[in-house]
Engineer: 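A single structure is presented below for examination.
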Amino acid sequence: MHKKFDHEAIEKKWQEKWRQNDLYKTEEGSSKEKVYVLDMFPYPSGEGLHVGHPKGYIATDIYSRFKRMDGYEVLHPMGWDAFGLPAENFAIKNKIHPRVAVEKNIANFKQQLAHLGFNYDWSREINTTDPEYYKWTQWIFLKLLEKGLAYESHEPINWCPGCQTGLANEDLESDGTCERCGSVVEKRPMRQWVLKITDYADRMLEDLDTLTEWPEHIKEAQRNWIGRSEGAEIDFRLTNGDVITVFTTRPDTLFGATYMVLAPEHELVGKLPLDNTDEVYAYVQATKQKSEIDRTNAEKEKTGVELKGIKAINPVNGEEIPVFIADYVLAHYGTGAIMAVPAHDERDREFAQKFQLPEVTVVDEDVLVNSGEFNGMSVVEAKKAIVEKVGGRITSTYRLNDWVFSRQRYWGEPIPVIHCEKCGVVPVPYEQLPVQLPEVEHYEPTGTGESPLAAITDWVNVDCPKCGGKGKRETNTMPQWAGSSWYYLRFIDPQNDQALIDPDKEKKWAPVDVYVGGDHAVRHLIYARFWHKFLFDIGVVHTAEPFMRLEFLGFILAEDGRKMSKRWGNVINPDDIVKQNGADTLRVYEMFMGPFENTVAWSTNGLVGAQRFVERVNGLLDHVGDTEPQEITRLLHKTIKKVRSDIEEFKFNTAVSAMMIFVNAAEKATLTNESYQNFIKLLAPFAPHLTEELWANAGNDTSIHLETYPVADEDLAVDDMVTMGVQINGKSRGSITIAADADEETAVFAAKSDPSLAKHLEGGEVTKVIYVPGRILNLMIGQRS
RNA sequence: GCUGGAGUGGUGGAAUGGUAUACACGUGCGACUCAAAAUCGCAUGGCGCAAGCCUUGAGGGUUCAAGUCCCUCCUCCAGCACCA
């Protein structure tokens, strides 16, 4: 009789052995075909992992183990995304230097991951806060600057009074609060570094079509995020001679434009000669006071003020129309100015009704009316014709804005530029990288809009690299997203101090073949794709896209159906599960819970099922004999076939269930030692400790994880006898068991010979037979009259 | 509102157009035990004593055959949203 599986001792034993033997180290010079399997690397928080975190890591672990056993050279690394506000806020609160806190958290995370027996090549570990790493993050920034894709802006930006830093639009919740701390975000005019991501918007959009192995919903989310609208820019001359350019997707409705609206922030507002300057000024001020919540609430009543003393001239018919400012027009979209067509736009209609402005219908049933020479034209034709007539320009605009790239905080990559009194912005010479974060005594935010770095005068004051005169270092740092926008490349060549990545190695290992993750995926993927395309343009990488295949994972909720959170007290720590039930049980359970992409609640009961399975496999040796029934051989080969294709497709839940079916059957019979060892290999990627132990117990002195993965014998994977359903007049009435290649006559005979089927055939003639071998027999009978 | 996805037992879920409910949990009964846990065996969609009938969100359609394909509708989830 077998012993109960002592998971604690066995896990420890093999994890140590694997480490000692460098079992999972990627061989650089290997001639095998490569596969690069990557997790979205974690942000090492102080709270450690809960059982939801490892789900994706288990999947990539299984996938990469499978690929290694199947003859590939596998690159499967792990690292840490450790810059950013949470680490800094945690450090401030607990009076610890962020670096120290991060080191501690990483050690804790690494320990937790180690307990699950993952096959990472730890010799490639990277950390975004390591100067040897962020040297290259800074290098990319300098390249962007060199190519004109990084620029300084003084536009008012989002300021979070809680975090005391500027934020990108994307850092806000939909209600306009800070996603980190929940504070109501204000607008503040500030000097900011901005990256011209909009230059890449079209390419990012178009290349989505090449990503055939990405889930559709992620691609759709990217399209929404980029939000391209096709339309035209049209110039409206004002009576004072100024010109306002509007963006519209409906140039065909130009005859219906009965007024214009500028965003209150529009640059022209302060410059126009107006009769009601005070009123206008007051409205602009009132808009600034409003939070983003009030500003973007579509429910509220429209407000605005007419700019008195000027009119605009509708370029298509020469009519003079009034000009307003109103906060329903957004400064950061299109040109910050619109032509208002109350008849064909709900928001314009609402505004027009309030201010009693005329409404002119110009399109009826997709055909133009009230539009002079364009009457009778289709909308599609008219769009082109009218733009041409008024000298407009066909163009696109995007929901996506340029990326606000500076933060007034300590714990980020210093932006590597120097401000010289004489030369202006001067990039730090490449050979002086990295610009290291200096030691500071107070890394709390200053709240003045300056980073804490500004107080360190001996770091800030430097000679200008260009003229040798007085210069000051840039004290803003990069946002957390910077380091994670290119890390997947560094794993390929983590220690290179001469280049971001060696071109030969890049050609060998890039791109990432399978990328797995969930949270924040849309935004991270936008940024990473943007940088990757830039790196492609400057010749650093050889592919236009970084991630060939993307697998999106569903989260694990707490048993109560809520998110796992300290706040609810419903967090389950994987360490506890590993200790009580074992790492292999946890791994099998998380894969068995449901489809990989589904969000499912943790179930302690469900865990028991996985545990029982692990124990039964441990006891399977008792059923090994000299022979095995043929159906066991067949079942094994069917199982091999199923498990292989399921792993390939990330259908781990059905792979596990197929193996359960095999074990259930094998327990009721006997199986040969050969089949036993094949089955253990089949399970090895899922339960690496158990199978390694059983492999050793079976007298092998190699590691099972370097063995060849079983291949199904196609002849043995199909049944020679099949049980198939029989329908009579399309209704299922029973089944027959016949040879898989039986002909129709045999099948019909078998059905007629079956008493329970024959019963249904009485009183009628078989008028039609539908026979799909191995699938179905359907007999149509007509009533005998 | 727009876009994408999903609705199957008490629960998680399975099913190239071919016997719906695999696998697992839970539950019930039984075995083992002084007893319990663990383990093992049997049963387990609904109605019905039974033969049988019904059943994949609702309703239509295509087909020999529909959870699967098509149409209409309902509900839920996700992303976007005063985006011109």
Side-chain angles (χ1 to χ4, degrees), chain A residues 4 174 215-229 231-232 246-251 253 257 260-261 263 295-300 302 326-330 332-341 344-348 350-351 397-401 521-523 552 554 588-589 592-595 597-613 615-616 619 651 653-664 667-668 723-736 756 759 767-780:
Chain A
K4 196 169 183 319
S174 55
E216 195 49 47
H217 74 276
I218 297 283
K219 289 201 274 187
E220 200 52 37
Q222 299 246 318
R223 286 186 195 106
N224 281 337
W225 198 288
I226 294 166
R228 176 161 72 184
S229 291
V246 303
F247 174 78
T248 178
T249 55
R250 296 293 306 274
T253 62
M260 293 187 78
V261 188
R295 179 78 192 268
T296 56
N297 181 3
E299 303 298 309
K300 74 156 193 189
K302 302 262 180 296
D327 64 7
Y328 83 90
V329 173
L330 307 173
H332 54 75
Y333 187 76
T335 60
I338 62 161
M339 61 179 221
V341 185
H344 303 286
D345 183 288
E346 234 173 273
R347 295 151 303 172
D348 295 344
E350 202 190 310
F351 188 87
T397 190
Y398 305 89
R399 192 201 72 92
L400 182 75
N401 292 129
V522 175
R523 193 165 166 199
F552 191 81
V588 168
Y589 172 59
F592 185 62
M593 283 177 90
E597 66 279 8
N598 278 22
T599 293
V600 183
W602 178 266
S603 158
T604 303
N605 276 335
L607 184 68
V608 172
Q611 175 128 38
R612 286 181 188 148
F613 173 67
E615 286 291 350
R616 292 167 85 158
K651 288 157 83 173
N653 56 331
T654 50
V656 172
S657 94
M659 289 188 284
M660 285 174 169
I661 291 168
F662 178 78
V663 171
N664 290 346
E667 276 186 339
K668 291 191 175 75
T723 298
M724 51 188 271
V726 178
Q727 299 181 344
I728 291 162
N729 283 344
K731 255 180 150 23
S732 291
R733 291 296 181 185
S735 61
I736 50 172
S756 64
K759 195 170 59 186
T767 53
K768 193 176 177 188
V769 177
I770 292 168
Y771 176 59
V772 184
R775 298 253 173 246
I776 200 78
L777 175 67
N778 191 357
L779 303 174
M780 307 302 292

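Per chain, numbering begins at 1; letters A, B, ... match sequence-line order.
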Engineer: Could you state the atom-to-atom distance from CD1 of A:I728 to P of B:U19 in whole Å?
Structural biologist: 15 Å

Engineer: Measure CD/A:E220 against C1'/B:C77 and give the value in whole Å, please.
Structural biologist: 16 Å

Engineer: Decide yes or no for A:L777 and A:I736: does some side-chain heavy atom of the first lie under 4.5 Å from some side-chain heavy atom of the second?
Structural biologist: yes

Engineer: Return the value, rounded to whole Å, for the distance between atom OH of A:Y328 and atom P of B:C82.
Structural biologist: 14 Å

Engineer: What is the distance from CG of A:L330 to C1' of B:C83, rounded to the nearest Å?
Structural biologist: 7 Å

Engineer: Looking at every strand, decide which applies to A:G609 at a 4.0 Å heavy-atom threshold: base, sugar-phosphate, or nothing.
Structural biologist: sugar-phosphate

Engineer: Do the side chains of A:E216 and A:R223 get close enough for a salt bridge, i.e. N-O under 4.0 angstrom?
Structural biologist: yes

Engineer: Each nucleotide N or O in nucleotides 6-12 of chain B that has a protein N or O under 3.5 Å away: list the pair and distance.
Structural biologist:
unit_1 : atom_1 : unit_2 : atom_2 : d
B:G12  : O2'    : A:M593 : O      : 2.3

Engineer: Is there a side-chain contact between A:Q727 and A:R733 in this structure, where contact means two heavy atoms from C-beta onward sitting under 4.5 Å apart?
Structural biologist: no

Engineer: Rounded to whole Å, how long is the line connecting atom CD of A:Q611 with atom C1' of B:A37?
Structural biologist: 14 Å

Engineer: Judged by each residue's nearest nucleotide on RNA chain B, which is more toward the 5′ side, A:G725 or A:I218?
Structural biologist: A:I218

Engineer: Reading RNA chain B 5' to 3', what string of ( ), [ ], | and . shows its pairs, if Watson-Crick and G-U wobble pairs count only when both distances fall under 3.5 Å?
Structural biologist: (((((((..(((.....[....)))((((((.......))))))(((....)))..(((((..]....))))))))))))....

Engineer: For A:F662, which residues count as a ring-ring contact (aromatic ring centres under 6.0 Å, His included) partner, sequence neighbours excluded?
Structural biologist: A:F679

Engineer: Considering only side-chain heavy atoms of A:H217, which listed nucleotide, B:A84, B:G26, B:G4, is closest?
Structural biologist: B:G4

Engineer: Regarding A:S732, tell me which of base, sugar-phosphate or nothing describes its non-hydrogen contacts under 4.0 Å with the strands shown.
Structural biologist: sugar-phosphate

Engineer: With heavy atoms under 4.0 Å as the rule, sort A:I661 into base, sugar-phosphate or nothing.
Structural biologist: sugar-phosphate

Engineer: For nucleotides 62-69 of chain B, print each protein N/O atom paired with a nucleotide N/O atom at under 3.5 Å, atom names and distance only.
Structural biologist:
unit_1 : atom_1 : unit_2 : atom_2 : d
B:C64  : O2'    : A:N778 : ND2    : 3.1
B:C64  : O2     : A:N778 : ND2    : 2.7

Engineer: Which way is the base of B:G9 turned, syn or anti, if we draw the line at 90° from 0?
Structural biologist: syn

Engineer: Go along nucleotides 38-53 of chain B 5' to 3' and tag each nucleotide: B for a protein heavy atom under 4.0 Å from its base, S when only backbone or sugar atoms are that close, - otherwise.
Structural biologist: -S-----------SSS

Engineer: Identify whether any heavy atom of A:T397 sits under 4.0 Å from a base atom; if not, whether one sits that close to sugar-phosphate; answer base, sugar-phosphate or nothing.
Structural biologist: nothing

Engineer: Using distance alone, with no hydrogens and no angle criterion, decide if A:Y589 and A:T604 have a side-chain donor and acceptor under 3.5 Å apart.
Structural biologist: no

Engineer: If I pick the P atom on B:U68 and the same atom on B:A58, what distance separates them, to the nearest angstrom?
Structural biologist: 11 Å

Engineer: Could you tell me the separation between the CG atom of A:L607 and the C1' atom of B:C25, rounded to a whole number of Å?
Structural biologist: 11 Å

Engineer: Answer yes or no: is there a side-chain heavy-atom contact under 4.5 Å between A:M339 and A:V246?
Structural biologist: yes

Engineer: Taking side chain to side chain contact (heavy atoms under 4.5 Å, CB included) as the definition, give me every residue that meets it alongside A:R399, ordered by chain and number, with sequence neighbours left out.
Structural biologist: A:W225

Engineer: For the side chain of A:N401 and the backbone of A:H332, is there at least one donor-acceptor N/O pair under 3.5 Å apart?
Structural biologist: yes

Engineer: A:N653 or A:D345: which one's nearest nucleotide on RNA chain B is closer to the 5' end?
Structural biologist: A:N653

Engineer: Can you identify which nucleotide, out of B:A14, B:A84, B:U3, has its nearest atom closest to the A:T654 side chain?
Structural biologist: B:A14

